[in-house]
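Presented below is the structure to which this report refers.
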Amino acid sequence: SSHLAVYSTEHLRVFANETSKTGEVRRKYPTANLLVVAHVEMQDLDDDGTESPVLVISFVDMVTGSVLATNRHADGAGPVHIAVVEHAVITHFFNTERHKYLVDVSELFEADR
C-alpha cells in the first residue's frame, strides 16, 4: 500500500517524491492566479476527411500570461465542467467515442530549479 507524505515548509505545503531515493519534495504551484480555458478543435483522423473533436484544456498564469500546460483529450466534447482545488485542476467532460463522461485530474507543481 503506497501513501503520500505531506510536509510543511514555511507555510508552503510540499509533497514527497515517492519515486526519488533522495527524498526530494515538490512545491505546489499556486493557483490563485490560474485561468483554465477549455475549447474544442476538430481534427482530421483519416484520409477520407473524417473529423473528430479534440478537447483542449489550457492552464494560463494570469500574472505572467504564460501557458503553463495544455492537455488534449481525443474525442472530448462538452459540456465541460472545471474545478480548481488547491494545486489540482479537475475536468469533467463527455467522450464521443466511448459515449460516457470522463474525469481528468491534473496536478500543478512548480518547475524544478
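In this text the structure is predicted, and so the values were computed from the model without any measurement.
- Minimum interatomic distance between Leu55 and Ala38 (heavy atoms only, all atoms of both residues): CD1-CB, 4.3 Å.
- Listed by first and then second residue, the ring pair (Phe, Tyr, Trp, His ring centres under 6.0 Å) pairs involving residues 50-76 are His73-Phe93 (not counting sequence neighbours).
- By the rule that hydrophobic residues join a cluster once side-chain heavy atoms approach within less than 4.5 Å of another member, Ile57 and Leu108 end up as members of one cluster.
- In terms of heavy-atom proximity, Val54 sits nearest to Arg72 at CG1-NH2, 3.9 Å.
- Of the N and O atoms on the side chains of Ser66 and Asp61, not one donor lies less than 3.5 Å from an acceptor on the other residue.
- Ile82 is connected to Leu102 through a chain of hydrophobic side-chain contacts under 4.5 Å among Ile, Leu, Val, Met, Phe, Trp and Tyr, so both are in one cluster.
- For the pair Pro53/Met42, a side-chain contact is recorded, criterion being any heavy-atom separation below 4.5 Å from C-beta on.
- Considering only residues two or more places apart in sequence or on other chains, Ser58 meets the side chain to side chain donor-acceptor pair (under 3.5 Å) condition with none of them.
- The cluster map of Ile, Leu, Val, Met, Phe, Trp and Tyr, joined by side-chain heavy atoms under 4.5 Å apart, puts Val63 and Leu68 in different clusters.
- Listed here is the closest heavy atom pair of Thr96 and Ala77: CG2-CB, 3.8 Å.
- Transitive grouping of hydrophobic side chains (ILVMFWY, heavy atoms separated by less than 4.5 Å) keeps Val80 and Phe94 in distinct clusters.
- The nearest pair of heavy atoms linking Glu97 to Asp75 is CB-OD2, 3.4 Å.
- Within the 4.5 Å cutoff, no side-chain heavy atoms of Val89 are placed close to those of Asn71.
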